2 protein chains.
Amino acid sequence: MAHLKRRVSMADVARLAGVSSQTVSRVANGHPSVVGSTRQQVLAAMRELGYRPNSAARALKRGAFRTIGVILFTLSSTGNSRTLEAIADHAAGQGYAITLIPVAVPTQDEVLGAFTRLGELAVDGIIVIMEVHLLDSATVTLPPHVQVVVVDSDAGDRYSVVDTDQTDGARQAVAHLLELGHRTVWHVTGPQESFASNRREQAWRRTLEEAGRPVPPPLHGDWSAESGYRAGLALADEPDCTAVFTANDQMALGVLRALHEQGRRVPADTSVVGFDDLPEAGAFIPPLTTVHQDFTEVGRRCVQGILRQIEGGEPEHGTTLVPTRLVVRESTAPPPPPA
Amino acid sequence: MAHLKRRVSMADVARLAGVSSQTVSRVANGHPSVVGSTRQQVLAAMRELGYRPNSAARALKRGAFRTIGVILFTLSSTGNSRTLEAIADHAAGQGYAITLIPVAVPTQDEVLGAFTRLGELAVDGIIVIMEVHLLDSATVTLPPHVQVVVVDSDAGDRYSVVDTDQTDGARQAVAHLLELGHRTVWHVTGPQESFASNRREQAWRRTLEEAGRPVPPPLHGDWSAESGYRAGLALADEPDCTAVFTANDQMALGVLRALHEQGRRVPADTSVVGFDDLPEAGAFIPPLTTVHQDFTEVGRRCVQGILRQIEGGEPEHGTTLVPTRLVVRESTAPPPPPA
DNA sequence: CTCGCGAATGTTTACGTTAACATCGGCTGA
DNA sequence: TCAGCCGATGTTAACGTAAACATTCGCGAG
């Protein structure tokens, strides 16, 4: 059982089956020109010896690894981990494995290091889940034959980009609040470096401007519930704030708590809309109206994009937007009648 | 630039630098017996050609991939994704890459398939994040030289197991509520199949029994906030329920909402304790008292365990428990005075 | 009946790397 | 002065697989 012997190779199987190792190879790869009886013999020998193809040798010979590398900063964000999961599922469906390259700190040095590691890694393509400006300085070290797909970026001119339609999602959120009769909508942003956050902020601003509404100063958060709580405390001090659009659901959770503590009822006094549609958004107090992101679809398109590049050989540029949809729950209502 | 030529190999570098390919290999691996001037020449040639070691060839030669496979069901659970992240970070620190094998549906067939894929995959060891009984039928297909570490299991006699100290965590939660003066503590469980959930339930029951308290019937959830909400509605109908221990934070969120909707104040009327300490637990209404799980440490010990096995060559059995600690926030208080 | 063709299988070689062994000088010490 | 040794580098072979080419054999057409 616990032999620490050398692995079983094709040669071993061939010897037992009384054929050449090439025939074993043919059986392993389902090549048609092997007669039934020989095939059975070989399969029996494989089973007896517990043969498993050696993927290193296979990759060396074929020049391809059937593996996709995913480089990202953190799995703490729901978006990242859900996207990763979708990527892994779809890649597995296509017979590709996923190699994970976490980058602890988003500095250029770290990213560069990660890319260097990836370059040595057994990977046919890379999906990058991060802001692209960090990628730029690292590009030089990218092996030229490795294809890249980027998420959360606007670098569609240089890379193949897949992203949620941030702009339309934010627009829907703001429009929903305006339609309910709110005069304007306040906004809690994500971190400055985040492309997604910037896009949401831009769309919020534009939607207000196009409706001819005043644009209140945005409050800056960092995606965390804690930062949402701080923003919420500030908002509770603004007597004419009746509607808030929060750049993600976790910050919305913090806003809800702050408003609750300050005696502002949601949605009677103040409406709140989030972004992401976390699985637990429906259990917030009150259940949160939010913009649903389809991470599964994002992951699917990433894999699709990278596979097309790998198989086509040529990088494709352009941006693919995955649509969002507003999920209306109980945290939004018309504004209170003026005092 | 965009040559789709063959990759640069050691032989190419060697030719340009005017040395043998073995010398290039020595430089690449930091072997000491290469004189400075030669080393510089080789490094220059590497840079000029953009040389990158071919990991497939390397793995083939060495018989090791410096890669760890992680097999899990889903990343949706915070615990899994945080553990995975910690595993990836620590593995990277040790120069190991992570290959992800998601299993869509937790049936034995699926698991078996995943293990078969892993067997062909370039992996030196495997970390399994799932209930072990699903592993059992699949064991036969495990390549004998691949080491396994298991999380969330009690199979310490057959595998090396790393887990959070579920028992002590649950005990702390219940003891905290009893110390506050509650007569007994109700419990919302996770799904039946979950080892972690069972352990928490057992510990809850034992702690009550040892204190000589009555054991109310447990309510069964499935980890989701939605299921917590349903349990919360049921609990709100129990007039003498003053304290609830919920098997995770997401269900606690649902319980909080149900109690809130039914007019039960938390913690004045009913105390609630969760398990996990999600980053946003402090932003619940009210901030949740919960049992903190140290996923980083779990990940670290998994990697440590698997590396010891890989390097030692022999599987090690036994269970490592990572301690938990109770984080007291504002969802717990002494019971209301009897009416 | 024989030639030739194609199906089934075998043999050779190369993929890129590195361990093991071989070689070549120069330096130390008697 | 030279044997011996060590440090620097080169040469050979092997890891397991699969493509390319080679061989064998049976069978049908002429």
Side-chain angles (χ1 to χ4, degrees), chain A residues 4-43 45-46 49-67 119-124 143 145-146, chain B residues 4-43 45-46 49-67 119-124 143 145-146:
Chain A
L4 285 181
K5 291 184 165 188
R6 219 186 63 267
R7 252 183 108 126
V8 183
S9 81
M10 282 195 166
D12 302 318
V13 176
R15 208 169 306 122
L16 179 61
V19 300
S20 78
S21 65
Q22 181 57 44
T23 300
V24 177
S25 167
R26 283 193 261 257
V27 171
N29 296 326
H31 196 284
S33 73
V34 178
V35 86
S37 60
T38 312
R39 177 186 308 279
Q40 291 313 318
Q41 257 179 325
V42 171
L43 289 174
M46 281 181 172
L49 296 175
Y51 168 75
R52 289 165 178 288
N54 177 322
S55 57
R58 203 172 249 193
L60 173 60
K61 197 79 187 67
R62 295 212 272 234
F65 305 93
R66 295 195 75 78
T67 295
E120 302 177 9
L121 240 50
V123 174
D124 301 314
H145 66 288
V146 169
Chain B
L4 285 181
K5 292 184 164 189
R6 222 186 62 264
R7 254 183 106 126
V8 184
S9 80
M10 282 196 165
D12 302 318
V13 176
R15 209 170 305 125
L16 178 63
V19 299
S20 78
S21 65
Q22 181 57 44
T23 301
V24 177
S25 168
R26 284 193 260 256
V27 172
N29 295 326
H31 196 283
S33 73
V34 178
V35 86
S37 60
T38 312
R39 175 185 309 277
Q40 291 313 317
Q41 259 178 322
V42 171
L43 288 174
M46 281 182 174
L49 296 175
Y51 168 75
R52 289 165 177 289
N54 177 323
S55 57
R58 204 173 249 192
L60 174 59
K61 196 77 184 83
R62 297 212 271 232
F65 305 94
R66 295 196 76 79
T67 295
E120 303 177 9
L121 241 49
V123 174
D124 301 315
H145 67 288
V146 169

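Note that the coordinates shown come from a computational prediction; the quantities given were computed from them, not determined experimentally.
At the heavy-atom level, A:Ser33 lies under 4.0 Å from base atoms of the strands shown. Contact annotation for B:Val19: backbone-only contact, meaning every heavy-atom pair under 4.0 Å involves sugar-phosphate atoms and none involves a base.
Checking the phosphate oxygens (OP1, OP2) of C:dG10, a side-chain nitrogen or oxygen of A:Thr23 falls inside 4.0 Å. Contact annotation: A:Ser25 side-chain N/O to D:dG16 OP1/OP2 distance is not under 4.0 Å. When the side-chain nitrogen and oxygen atoms of A:Asn54 are compared with OP1 and OP2 of D:dC15, none of them lie within a distance under 4.0 Å. Dashed line: the shortest gap from a side-chain N or O of A:Arg58 to OP1 or OP2 of D:dA18 is under 4.0 Å. Of the side-chain N and O atoms in B:Ser21, none sit less than 4.0 angstrom from OP1 or OP2 of C:dT17.
To the nearest angstrom, C1' of D:dA18 lies 5 Å from NZ of A:Lys61. Atom pair B:Arg62:CZ and C:dA19:P shows a separation of 8 Å (rounding to whole Å applied). In this entry the distance linking CG of B:Asn29 with P of C:dG16 reads 17 Å, nearest Å. Atom CD of B:Gln22 and atom C1' of C:dC21 are 11 Å apart (whole Å). Atom pair B:Arg26:CZ and C:dT17:C1' shows a separation of 13 Å (rounding to whole Å applied). A straight line from CG of A:Leu49 to C1' of D:dG16 spans 15 Å, rounded to a whole angstrom. As rounded to whole Å, 13 Å separates atom P of D:dT17 from atom CZ of A:Arg52. The distance between atom NE2 of A:His31 and atom P of D:dA20, rounded to the nearest whole Å, is 11 Å.
Screening A:Val24, A:Thr23, A:Val27 for a side-chain contact (heavy atoms from CB on, under 4.5 Å) involving A:Val13 leaves a single residue, A:Val24.
Of the candidate nucleotides D:dA8, C:dA8, D:dG16, D:dA8 has the atom nearest to the side chain of B:Val35. The side chain of A:Val34 sits closest to C:dT9 out of D:dC15, C:dT17, C:dT9. Here D:dT17 is the nucleotide among C:dT11, D:dT17, C:dT17 with the atom lying nearest to any side-chain atom of A:Met10.
Contact annotation: the side chain of B:Leu43 approaches that of B:Gln40 to within less than 4.5 Å [non-hydrogen atoms, C-beta and beyond].
Heavy-atom nearest nucleotides on DNA chain C were determined for A:Ser37 and for A:Leu60, and the one closer to the 5' end corresponds to A:Ser37.
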